[in-house]
Amino acid sequence: MTSHATRVLVLNSGSSSVKYQLLDMRDGARLAAGLVERIGEASSRLVHTPLAGPDAATAGKKRERTEPIADHAAALEAVAAELARDGLGLDSPELAAIGHRVVHGGLRFSEPTVVDDEVLAEIERLVPVAPLHNPANLTGIRTAQALRPDLPQVAVFDTAFHTTMPEHAARYAIDVATADAHRIRRYGFHGTSHAYVSRRTAELLGKDPSEVNVIVLHLGNGASASAVEGGRCVDTSMGLTPLEGLVMGTRSGDIDPAVTFHLKRVAGMSVDEIDELLNKKSGLVGLCGDNDMREIRRRVDEGDPAARLAFDIYIHRLRKYIGAYSAVLGRVDAVVFTAGVGENAAPVREAAVAGLETLGLAVDAGLNAVRSDEPRVISPADSRVVVAVVPTDEELEIAQQTFALVGDVRTPIA
Ligand code: ADP
């Protein structure tokens with residue numbers, strides 16, 4: 001009997017963490033999932049959950065270890081050891097490829113790409129536009145290459161889905177020579193999620209992606225909106241970096257750029273301090289001290305004015321983007337909520353579309369209150385535009401894109 005290499009390991013490497021999932025691409029089943037955090041500290045922690053696989057006895061039983069894990073290489077070794085305990089070792093001939101989330105692919109990478117030296121060099125060249133993310137992603141790829149040099153490593157870029165944006169949406173209105181010299185333009189992020197969710201929305205509507213226009217609202221701790229026309233992204237709210245656009249957990253989103261000059265010239269802050277202020281100490285946390293929407297809603301319900309104002313600013317920005325992208329698309333078939341806030345926070349969904357009947361938008365209170373992990377419509381049956389909740393699954397999307405690319409080269413095993 002012959003079987004094939006059908007497993008894909010998905011790695012999402014941050015500066016001090018690695019998140020991973022092992023999937024079987026015959027049916028997309030998750031075999032194991034986990035994360036290593038605080039890499040390089042004394043209190044590093046590995047949390048690993050086998051979900052299915054040869055050893056049924058361990059399935060679903062979470063294992064945690066707190067011990068010093070010096071670097072990404074040690075982290076991946078530790079992950080490999082945990083997987084091996086479940087009979088899912090990375091030396092298995094069933095492993096087809098490793099798929100890596102890479103945040104910035106610039107203009108060059110509009111598709112998932114098998115990594116070679118030249119691809120690594122290009123990801124490295126993009127470090128100046130993604131100083132926090134690309135170095136960590138590169139470390140993850142190099143570490144995985146060292147562990148399994150024979151295996152295809154595939155880079156799946158957060159920016160790729162947005163490379164279809166027309167120039168008039170992607171360009172900032174600044175001096176062209178300066179912009180080009182420094183690769184300054186709007187790239188957008190969360191592309192894997194926007195791609196997955198817009199496709200699943202077309203499925204929910206029973207249509208081909210080429211037939212539908214969708215506004216996707218990815219509302220997690222980071223948040224972004226995108227306008228997707230016939231399956232292609234035509235605008236998105238994040239820009240050169242993930243700072244632009246919606247109000248986020250800790251990021252300001254849109255702001256007059258002159259605020260930064262003012263903070264430097266008048267408040268005497270350094271560029272690094274301003275960077276930290278706008279990326280880490282702004283958004284919901286800057287406005288009310290909390291960035292978790294559950295906590296903010298609890299405070300709103302208790303009558304807390306700071307939490308109320310933070311919520312209102314968050315919603316106001318969201319509504320502006322819904323209006324803007326309705327105009328960008330002309331015809332909107334669906335407005336879709338996804339990620340931690342979008343999937344779970346009914347009050348956010350309700351407030352975001354309240355009173356927008358002129359745009360064809362409405363939410364049914366009963367449907368909006370339903371809790372489910374499934375894609376679902378929350379607008380009334382007679383609504384001109386479908387409002388829906390579609391849970392995102394970036395790992396599955398990365399695994400599918402990876403497998404689609406290397407499927408040809410998978411090797412038969414005995
Ligand atoms: P990340 O951007 O870190 O991937 P997620 O998509 O997991 O984030 O979203 C995390 C956020 O989702 C939390 O910060 C919290 O604000 C929000 N969230 C999670 N669960 C709920 C819930 N039940 N109700 C409201 N908000 C929630």
Side-chain angles (χ1 to χ4, degrees), residues 10-21 33-38 47 101-103 132-133 136-137 156 158 188-197 200 216-226 236-238 241-253 279-302 304 306-308 310-315 317-318 336-352 363 368-376 378 389-398:
V10 175
L11 287 184
N12 182 352
S13 305
S15 56
S16 66
S17 71
V18 177
K19 292 188 199 137
Y20 62 94
Q21 286 193 7
L35 85 159
V36 186
E37 54 189 0
R38 298 196 289 271
V47 184
R101 175 184 183 221
V102 179
V103 166
L132 295 180
H133 296 105
N137 301 153
V156 179
D158 252 23
F189 299 89
H190 290 147
T192 309
S193 177
H194 287 285
Y196 176 83
V197 169
R200 289 301 303 261
V216 180
L217 304 168
H218 175 111
L219 311 177
N221 198 28
S224 62
S226 67
T236 194
S237 61
M238 285 177 166
T241 77
L243 184 55
E244 191 179 344
L246 300 174
V247 175
M248 312 185 206
T250 66
R251 297 189 193 116
S252 63
N279 273 297
K280 303 262 173 67
K281 298 179 182 165
S282 296
L284 293 170
V285 86
L287 289 165
C288 74
D290 274 309
N291 63 337
D292 192 312
M293 190 52 80
R294 284 164 287 205
E295 185 58 17
I296 292 168
R297 282 307 310 174
R298 197 189 58 70
R299 288 172 55 189
V300 168
D301 291 342
E302 283 177 354
D304 180 322
R308 176 82 246 174
F311 184 79
D312 289 348
I313 294 171
Y314 183 95
I315 296 295
R317 186 81 50 85
L318 199 52
V336 193
F337 292 87
T338 194
V341 175
E343 291 166 28
N344 296 297
V348 168
R349 299 191 297 255
E350 182 192 329
V363 157
N368 191 32
V370 172
R371 300 196 66 86
S372 160
D373 293 335
E374 295 299 314
R376 57 199 184 274
I378 58 169
V389 180
V390 174
T392 193
D393 194 337
E394 289 166 278
E395 290 78 15
L396 178 61
E397 179 71 16
I398 291 172

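In each ligand, atom 1 is the first atom listed, and ligand 1 is the first ligand listed. Numbering of residues begins at 1 and proceeds along the displayed sequence.
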In terms of atom number and element, which parts of ligand 1 are under 4.0 angstrom from non-hydrogen atoms of [X]?
X	result
Val341	12 (O), 16 (O), 17 (C)
Gly222	2 (O)
Ala339	6 (O)

Please list the nearest protein heavy atom to [atom] with its residue and the distance rounded to 0.1 Å.
atom	answer
atom 26 (N) of ligand 1	Met293 CB, 3.5 Å
atom 24 (N) of ligand 1	Arg294 CG, 3.2 Å
atom 15 (C) of ligand 1	Asp292 OD1, 3.4 Å
atom 23 (N) of ligand 1	Asn344 CB, 3.4 Å
atom 9 (O) of ligand 1	Gly340 CA, 3.3 Å
atom 2 (O) of ligand 1	Asn221 N, 3.0 Å

dist Phe189:CZ -> Leu243:CG (nearest 0.5 Å) comes out at 10.5 Å

Could you give me the CA-CA distance, side-chain angles and deciding distance for Glu302 and Arg299, then say whether salt bridge (charged side-chain N to carboxylate O under 4.0 Å, His left out) is met? CA-CA 5 Å; Glu302 283 177 354; Arg299 288 172 55 189; over 6 Å; no

Tell me whether Leu219 has any N or O atom under 3.5 angstrom from an N or O of ligand 1. no

If you measure every N/O of Ala345 against every N/O of ligand 1, is any gap under 3.5 Å? no

Does some non-hydrogen atom of the protein lie less than 4.0 angstrom from atom 4 (O) of ligand 1? no

By the definition side-chain contact (heavy atoms from CB on, under 4.5 Å), identify the one residue from Leu11, Leu35, Asn12 that meets it with Val18. Leu11

Can you name the closest pair of heavy atoms from Tyr314 and Val341 and give their distance? OH-CG1, 3.7 Å

Please give me the minimum heavy-atom distance between Arg317 and Ser252, naming the atom from each residue. NH1-O, 3.2 Å

Any side-chain heavy atom of [X] sitting closer than 4.5 Å to one from [Y]?
X	Y	value
Leu219	Leu318	yes
Val10	Arg101	no
Arg297	Phe311	yes

With Ser224, which of His218, His194, Glu244 fulfils side-chain hydrogen bond (donor to acceptor under 3.5 Å, both in side chains)? His194

For atom 14 (O) of ligand 1, state which one of Val285, Asn291, Asn12 supplies the nearest heavy atom. Asn291

